[in-house]
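Worksheet for the structure shown next.
Just so you know, these numbers come straight off a predicted model, no measurement behind them. In what follows, every heavy atom counts, from backbone to side chain, and hydrogens, waters and symmetry copies are set aside.
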Amino acid sequence: MYPTVAEVLALPVLRQGRPHVVAGAAGLDAPVRWAHVAEVADIAPLLRGGELVLTTGVALPDDGPALARYVADLAGVGVAGVVVELVRHWSEKLPPALVEAADRHGVPLITLSRETRFVSVTEAVNGLIVDAQVDELRAAERVHETFTALTIAGAEPGDILREVARLTEHPVVLETLSHEVLAYDTAGADPGELLPGWPSRSRPVQVGERTGFHAGAGWLITVVGARGHDWGRLVLVCGDPPPHRHVVVAERAASALAVHRLVAKDTDSLERQAHRAILTELLANPVPPAELTARASALGVPLTGRLLVGVAVRPRITATAKSAQSTPVLLRELAEATALAARRAKVSALVATDDTQVRALIALSPEAGVDAVLRRLATDVHEARSGAPAVVAVGTTGSGPAEARRTLVEAAQVAAAALAENAERVVHRLDDVRLRGLLHLLAGDERITAFAARELGPLLSRDAAQGSRLVQALRHYCEHGGNKSAAAAAAHTSRTAYYQQLARIEQVLGVRLEDPESMLSLYVALLAHDIREAGDHTSG
């Protein structure tokens with residue numbers, strides 16, 4: 001907001017006096033809050049700091065100790081500099097004691113070799129300061145208008161942080177009060193330099209007020225929250241003390257973020273959104289880039305040097321549960337229960353929802369007992385959601401970021417297979433779902449789809465054309481291992497009628513059901529068909 005001593009010396013009214021810096025050149029970047037004419041030696045008690053003192057020196061002493069005290073007193077109140085006109089008291093040069101004291105205290109000391117109208121100097125300098133203040137107020141007004149528009153438009157946190165970075169040209173980070181990164185904008189910088197070690201770097205940086213600058217870290221920090229509930233911090237990584245307009249930007253952005261959280265209370269939390277973004281990218285990138293692992297670490301979930309286990313939690317949604325609670329709400333509650341279970345198990349985890357399930361990636365130390373941790377986590381989830389049963393499935397353990405995608409995909413496929421099986425286990429694994437699990441792993445393979453179509457195509461067409469239920473009859477037969485009596489009972493059909501259905505199936509398909517290979521092939525085809533149908537239904 002204020003011009004520096006160097007900028008003031010560049011004004012025409014001072015340049016006419018031929019200014020010459022004789023001491024304290026390192027302080028020329030100091031801001032000038034006001035220009036003040038002072039012809040008395042004991043002026044320091046009347047100053048507030050930041051003044052550029054103008055004097056002819058007529059009232060200043062000539063002895064060295066008194067001049068040293070004069071400079072020390074001015075430095076003590078924080079003056080920006082001292083300008084001495086070499087006309088009335090000292091005509092050629094300043095006393096060495098004055099120059100030495102100014103150098104010692106870092107106070108810029110400037111001489112003017114020509115007579116200068118100080119009133120013109122104060123008018124020019126103070127006019128420059130007032131103009132700067134007006135510009136600052138206008139800039140602050142534009143900031144208010146910008147963030148008001150973003151708030152009204154319901155802008156997402158990423159949009160808000162992008163505007164902060166644009167207005168300040170500095171990186172900005174939104175973190176939780178436990179110092180996990182929720183969102184950020186690097187302002188064009190390298191995320192690999194901004195994010196590594198963020199929680200440990202951020203934890204000791206405290207400012208003791210809602211908005212403040214921490215000189216040691218070079219961070220401008222403002223607390224984010226509303227209605228007495230603070231939930232995060234907005235950090236502007238600026239290095240040097242920020243101008244007032246940057247403080248305004250940070251505070252208005254914090255207000256917009258707080259309002260967004262209040263308005264968006266029916267959607268996923270910012271933490272879940274941040275976790276979802278990383279999980280989505282891990283699933284899309286078989287070899288995660290370094291920036292992605294840095295982002296995960298900034299969320300408190302290190303991926304390198306850890307054992308990684310994918311977890312999928314799917315609710316068993318009955319008609320009653322569906323009518324009582326919508327699926328998105330149920331999944332959000334299930335996600336929070338999973339995140340809480342991970343915290344109770346004292347493990348770090350990325351947890352987020354998608355359309356049908358909760359996905360999680362658990363990061364464990366190499367010494368951890370994986371089975372014990374997973375069992376405890378799953379037990380906590382089941383207990384927390386006892387009124388809404390769920391399947392908890394896990395993938396095989398990986399040993400680094402490159403294996404994150406595999407274990408996440410496996411967990412989702414095991415969960416889908418376990419849900420179809422209706423088996424009750426605390427934790428479902430690949431070896432629990434057996435053939436159905438294998439087919440879920442291969443569900444995207446067109447060869448499996450083609451196989452099911454070849455095996456069952458004529459039967460599906462017959463049912464569709466005539467309204468028969470031959471596919472269902474075949475299902476009962478396979479599920480009961482070829483026991484016709486048990487299959488007929490399960491189908492709630494008389495034996496005679498059921499045997500007729502089986503004869504018709506053999507006729508349509510041209511096979512003998514009593515042949516073990518035929519029954520096995522048809523059962524595999526039925527499972528593959530069911531998985532494909534379930535996937536199409538979910539996608540729709």
Side-chain angles (χ1 to χ4, degrees), residues 1-8 10 24-33 49-50 78 80-81 106-108 129 132-133 135-137 139-140 142-143 146-147 157-224 232-257 290-291 294-295 297-299:
M1 186 190 306
Y2 298 111
T4 65
V5 175
E7 290 170 338
V8 168
L28 291 177
D29 288 336
V32 178
R33 190 182 58 81
V107 176
I129 292 170
Q133 290 173 329
D135 288 344
E136 195 77 10
L137 289 173
R142 289 194 294 272
V143 168
T146 297
F147 285 102
D159 299 325
I160 296 171
L161 266 59
R162 191 175 304 113
E163 193 63 25
V164 173
R166 185 186 72 82
L167 291 171
T168 65
E169 298 182 344
H170 291 303
V172 59
V173 174
L174 175 64
E175 65 172 13
T176 66
L177 293 180
S178 56
H179 310 286
E180 296 174 355
V181 176
L182 296 175
Y184 68 93
D185 192 296
T186 64
D190 182 3
E193 296 179 1
L194 175 67
L195 297 178
W198 180 271
S200 58
R201 287 163 49 209
S202 174
R203 200 168 290 114
V205 182
Q206 303 294 330
V207 294
E209 50 191 331
R210 289 198 70 81
T211 300
F213 177 71
H214 191 284
W219 291 1
L220 172 65
I221 300 172
T222 186
V223 176
V224 183
R233 301 199 309 176
L234 190 67
V235 179
L236 189 68
V237 184
C238 48
D240 298 321
H244 177 69
R245 64 179 177 277
H246 289 182
V247 177
V248 174
V249 168
E251 291 182 334
R252 287 296 289 118
S255 297
L257 289 165
E291 182 265 340
R295 283 167 54 193
S297 180
L299 273 166

Under the side-chain contact (heavy atoms from CB on, under 4.5 Å) test, residues paired with Ala10 that sit two or more places apart: none
Side chain proximity check, Leu257 to Leu161, heavy atoms < 4.5 angstrom: yes
Heavy atoms, side chains only, cut-off 4.5 Å: are Thr176 and Leu182 in contact? yes
Among all residues two or more places apart in sequence or in another chain, which pass the side-chain contact (heavy atoms from CB on, under 4.5 Å) test with Glu251? Thr211, Thr222, Val247
Heavy-atom closest contact (Val249 atom, Val143 atom, distance): CG2-CG2, 3.6 Å
Indicate yes or no: at least one non-hydrogen side-chain atom of Arg201 is less than 4.5 angstrom from one of His179. no
Contacts of Asp159 meeting side-chain contact (heavy atoms from CB on, under 4.5 Å) (sequence neighbours excluded), chain-then-number -> Ala155, Glu156, Arg162
Which pair of heavy atoms, one from Phe213 and one from Pro242, lies closest together, and at what distance? CD1-CD, 3.5 Å
For Gly81 and Val107 the tightest heavy-atom approach is CA-CG1, 4.1 Å
Once you round to the nearest 0.5 Å, how far does CG of Leu167 lie from CZ of Arg142? 9.5 Å
Straight-line distance of Glu209 CD to Ile221 CD1, nearest 0.5 Å: 10.0 Å
Contact between Glu175 and Val235 at the side-chain level, heavy atoms closer than 4.5 Å - yes or no? yes
Arg210: partners by salt bridge (charged side-chain N to carboxylate O under 4.0 Å, His left out), with sequence neighbours left out: Asp230
Would you say Tyr2 and Ile129 make side-chain contact, with heavy atoms under 4.5 Å? yes
Could you tell me the separation between the CD atom of Glu180 and the OG atom of Ser202, rounded to the nearest 0.5 Å? 11.0 Å
Mind checking what makes side-chain contact (heavy atoms from CB on, under 4.5 Å) contact with Thr146, not counting sequence neighbours? Leu150, Glu163
Got a second to check how far Asp190's CG is from Leu195's CG, nearest 0.5 Å? 9.0 Å
Which atom pair, heavy atoms only, marks the closest approach of Ala80 to Val5? O-CG2, 3.5 Å
Heavy-atom closest contact (Leu234 atom, Ala250 atom, distance): CD2-O, 3.5 Å
Just to verify, what does His246 make a ring-ring contact (aromatic ring centres under 6.0 Å, His included) with, not counting sequence neighbours? His170
Please indicate whether Gln206 has more than 12 foreign heavy atoms, meaning atoms of other residues, nucleotides or ligands, lying under 6.0 Å from its CD. yes
Testing the basics here: between Ala253 and Val164, what is the closest heavy-atom pair and its distance to 0.1 Å? CB-CG2, 3.4 Å
